[in-house]
A.B. asks: 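Here it is, the structure, as structure tokens.
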Amino acid sequence: MKAIIPCAEKEENLFPFSETKPTALMPVMGKPLIEHNIEALEENGVEEIYIVVNHLQEQFSDRFKDRDGVKLVHQEELDGTASAVKTCDFIEDDFLVLNGDVIVSERDIGNLLQKFRNTGETSILATDEKAPEKFGVLSIQNDEVADIQEKPEEPENPLVNTGIYVFSPEIFEAIEDLEEDETSITDAVRDLIESEGARFELVQDYWIDIGSGEKLWKADQIKREYEIEESEISGKAEVSEDAAIEGEAVVEEGAEIKPGTVIEGKCFIGENSIVGPNTTIRGSSIADNSQLDHCSIENSLVFESNIVDSFVAVEGTVLAEECDIKSGTVIRECLIGARSFIDMNNSIRGTKFVPDARTDLGEISK
Amino acid sequence: MKAIIPCAEKEENLFPFSETKPTALMPVMGKPLIEHNIEALEENGVEEIYIVVNHLQEQFSDRFKDRDGVKLVHQEELDGTASAVKTCDFIEDDFLVLNGDVIVSERDIGNLLQKFRNTGETSILATDEKAPEKFGVLSIQNDEVADIQEKPEEPENPLVNTGIYVFSPEIFEAIEDLEEDETSITDAVRDLIESEGARFELVQDYWIDIGSGEKLWKADQIKREYEIEESEISGKAEVSEDAAIEGEAVVEEGAEIKPGTVIEGKCFIGENSIVGPNTTIRGSSIADNSQLDHCSIENSLVFESNIVDSFVAVEGTVLAEECDIKSGTVIRECLIGARSFIDMNNSIRGTKFVPDARTDLGEISK
Amino acid sequence: MKAIIPCAEKEENLFPFSETKPTALMPVMGKPLIEHNIEALEENGVEEIYIVVNHLQEQFSDRFKDRDGVKLVHQEELDGTASAVKTCDFIEDDFLVLNGDVIVSERDIGNLLQKFRNTGETSILATDEKAPEKFGVLSIQNDEVADIQEKPEEPENPLVNTGIYVFSPEIFEAIEDLEEDETSITDAVRDLIESEGARFELVQDYWIDIGSGEKLWKADQIKREYEIEESEISGKAEVSEDAAIEGEAVVEEGAEIKPGTVIEGKCFIGENSIVGPNTTIRGSSIADNSQLDHCSIENSLVFESNIVDSFVAVEGTVLAEECDIKSGTVIRECLIGARSFIDMNNSIRGTKFVPDARTDLGEISK
């Protein structure tokens, strides 16, 4: 079994993070989104993974150039998901397609693959949604998929298409046969349904289409909730005996948890990050190489290489990489772009900062 | 022995707290003022207590509807303390009168009752005051009270009337006989002094007439000073082993003291309040159901159900119920009304906030 | 052996600290600069020390009036270092001269004295400087000093004069013989070099001429770096078992380190200073009698009797004596004059405050 992960498009809805990172490389629970998906695929026996790239593709090259089983494929024209899949039309085996901006569990991928193996038919991962009218809604007849209706005004059921499929190579012919104005892989899938039929499998755990900064934040919350069952402290991390880990924390190699630090709830502390002294971390992920000094990070997602000084409170926020937050600042429910310099005693609520933002002392932003 | 506690009047001098609570129900050392007084009366063998109510009387009904030995009496017209006592003219036994806005020790109540039992005469609790000219000053002859002069320009001694009396039912006749412009119970007492004589007993511990927010704050300080002799941690409270209780703290059932929290001096932490992590509490009372998160509360009185976020400093302040204080704010020497929402990084000093006050980011109030 | 320490001049470049203290009495590692030098001299067998005073001389009298082996000499006219040395022309023994505003190690003083004893010639302590053109540069021939050129445009080598010398009493004659426009002791030294020759000894450890607030800060950093090798906690200090001392700290008699406090790196905590609860101190010196409450002091030099409230961050700063810093304020890279009152939530960066400065709530200074 092989897999294709389309990652070529820049997702403007993920501004400001999309300016400096492709969605698939944004850290969720301390690790690029795509690494979670690659791991889930590999655990399910997928042996070759093709990542389709364009936007900021050098970041993919840097990360995957020596990785066994992972290959990059360049998509020249960003004209839809059908075209993205088509870049891999050299594949002669069955394969799974999973968009680079989603998060889904290993178990759900396994179930979908099993469905395909059992039936031999195109298999679609489906999920229940509260607002199905915003998605492709599946019509079901006799346990088979009868149709996919894009954003129907009156959905016939809450069952929607996650965009995760298992195909045989025949899909390439269906893509070839698309009309000029049909650019989505769903159009090809719909043709396959008509000609050969298709099956669906229901999400058991979670599926999030990360279409906004808030969804990215949510994905991190859910990932920690599902993945962290007990504390895992790397033997190469240093946790002071005067620090307290309440709840369950993952602390990675080289990380240092200094005295007086309290970590509450399910938290992730990435490699070489220094936390404390006297810092509070609650329900948050901190990626690698950050330095969090006598501050408070609550329900937040912190990208790598951040410096957060004393008496800074970060709450319900996504902080992109390499920011520098000076003492006394409070940031609540914000999306902060990479390399932002936020000076002392700022008050920032419910707003977005462009990358390389720079504030002065005591500024108010809302 | 019975007792009457007049609580009907709204005390405007206790604004903003009087808007949402009768004085007798304001929390002192975590418990409504009147509960301290009821306890002191019951410990001294008082078996029936009549609370005279009007302002916000439903709060008294809620609290006392099923309480043995406590009855509510409605005062229709708020025309003075004589009238308040008169609402209970059905009493045929001796009784003590203690205004609902004072704080006094069990021992001092006991001493006054003993004086009455020994002498059979109207007994008045008296205290030394530095500025007696602001009170009713007692004239003493041969160990008996010869007169009470209201706010005399040149007080003959520092001995003043606390408004706490033990009467026989004859007081009701004296009230009946008052002139139309005599509305204070002191007027009736003065008539009794003339006709039958009266005794006094001196306060040994403390007596505070809570006539302002500052006095309420003071009452709480004094109550903790006198009542807390050693730490008492409820078996149903949860105190982290990484928290430090320096000095003496009372921690009530369901309260949680999280790691890194330091409690200094004599402090009271009410039921189900969550303190920490990394919070400092010093010389303060926290009533029930509050949540104090990586903040600092010093020499303050915090009513119930407050939420105080990270790096908030509350100093020398009375915080009414159900406020929400966002991170980075500093409040010093203030009286904050109920349900105030105070946003991030506010600087507030020496001022009063009306109930339901609402501030924006980084505001300055003084 | 005797020593002269000229301290009479007011050093305007050390504003604002020079307004309230002579340089020699500014605390470095918790102790007046001159005490370090006196100790180093005494350890090297110097038995009589003459401090030449004028500016704020009563502070010297207060400190040294009963000190064995230390005498004060008044310099009336502040007309140069030659004149300062001349005030001690009653000395009939060999002596060392060391300006009151420098910091140098005991070992380096010892080496210079040894050079003098070995050679019997005027001996000069010299050091390598990156920018020798700002100093007096030594010309060397055959291991002897051939000349001293003041601030040469093109220095012949990086070897500069520290202003620390050992003389025989003949220097007084050289001073007598100076022309009217020659006011520096270096002028007399140059004459001696010509007539009798002079030797030099190189600094092994450190020499700092404290000519600015930044240099004062630097001197404290270096002194801690060199002098503190392991933690030394006075038996009369009180360190909570819930405090953490990481790295090496000197904690003096009567000091109190409260729970939740973390001390990192090489730090000095002076007599009777109270630190915590929940305070972070990192790479800093705190002089006597300060009170640092749930705050963060980083890479800073704090003079005596400061009060620093909750959630104040002081970073890379020199804080003169008796300041009062209210909660929530952040001070970074500043020189703050004595007795400054800085109110709540101030943001102060890269600036100087005059003594007795007074700010309002939430002020910004830069």
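Convention: sequence-line order gives letters A, B, ...; per-chain numbering from 1.
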A.B. asks: Using 30° and 60° as the class limits, which term best fits the ring planes of B/H294 and C/F311: parallel, tilted or perpendicular?
C.D. replies: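 Taking C/F311 first and then B/H294, their aromatic rings stand perpendicular (interplane angle over 60°).
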
A.B. asks: Is it true that a side-chain atom of B/N346 and a backbone atom of B/M344 form a donor plus acceptor pair closer than 3.5 Å?
C.D. replies: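 Pair found, side chain donor or acceptor close to backbone of B/M344.
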
A.B. asks: Taking the side chain from C/S300 and the backbone from C/G316, do they hold a donor-acceptor pair closer than 3.5 Å?
C.D. replies: yes

A.B. asks: Between B/S310 and B/S327, is there a donor-acceptor pair closer than 3.5 Å when you use the side chain of the first and the backbone of the second?
C.D. replies: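 Checking the backbone N and O of B/S327 against the side chain of B/S310, no donor-acceptor pair under 3.5 Å is found.
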
A.B. asks: Among the options B/G328, B/A243, B/A313, B/P259, pick out the one with the most heavy-atom pairs lying under 4.5 Å from chain C.
C.D. replies: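 Option with the greatest count: B/A313.
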
A.B. asks: Can you name the nearest heavy-atom pair linking B/A255 to B/G270, along with the distance?
C.D. replies: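 For B/A255 versus B/G270, the nearest heavy atoms are CB-O, 3.5 Å.
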
A.B. asks: How about C/D288 and C/N272: do any of their side-chain heavy atoms sit closer than 4.5 Å?
C.D. replies: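 Heavy-atom side-chain distance check fails, nothing below 4.5 Å.
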
A.B. asks: Is there any residue in residues 357-366 of chain B with a non-hydrogen atom under 4.5 Å from a non-hydrogen atom of chain C, and which ones are they?
C.D. replies: B/I364, B/S365, B/K366

A.B. asks: C/P27 versus C/E304: any side-chain heavy-atom pair under 4.5 Å?
C.D. replies: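 Yes; the side chains approach each other to less than 4.5 Å.
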
A.B. asks: State, yes or no, whether a side-chain contact exists between B/I286 and B/L292 at a heavy-atom distance under 4.5 Å.
C.D. replies: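 Of all side-chain heavy-atom pairs linking B/L292 with B/I286, at least one is under 4.5 Å.
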
A.B. asks: So which residue, B/T329, B/N345, B/I348, B/T280, ends up with the most heavy-atom pairs under 4.5 Å with chain C?
C.D. replies: B/T280

A.B. asks: Can any side-chain N or O of C/N306 pair as donor or acceptor with the backbone N or O of C/A320 at less than 3.5 Å?
C.D. replies: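 Confirmed, C/N306 side chain pairs with C/A320 backbone.
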
A.B. asks: Any donor and acceptor pair, going by atom type alone, linking the side chain of B/T261 with main-chain N or O of B/K258 inside 3.5 Å?
C.D. replies: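 A pair under 3.5 Å: yes.
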
A.B. asks: Would you compute the distance between atom CG of C/L319 and atom OG of C/S340 and round it to the nearest 0.5 angstrom?
C.D. replies: 8.0 Å

A.B. asks: Go through the atoms of B/D242 and report whether side chain, backbone, both or neither lie under 4.5 Å from a heavy atom of chain C.
C.D. replies: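 For B/D242, no heavy atom lies under 4.5 Å from chain C.
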
A.B. asks: Quick check: under 4.5 Å, non-hydrogen atoms only, which of residues 205-226 of chain B neighbour chain C?
C.D. replies: none

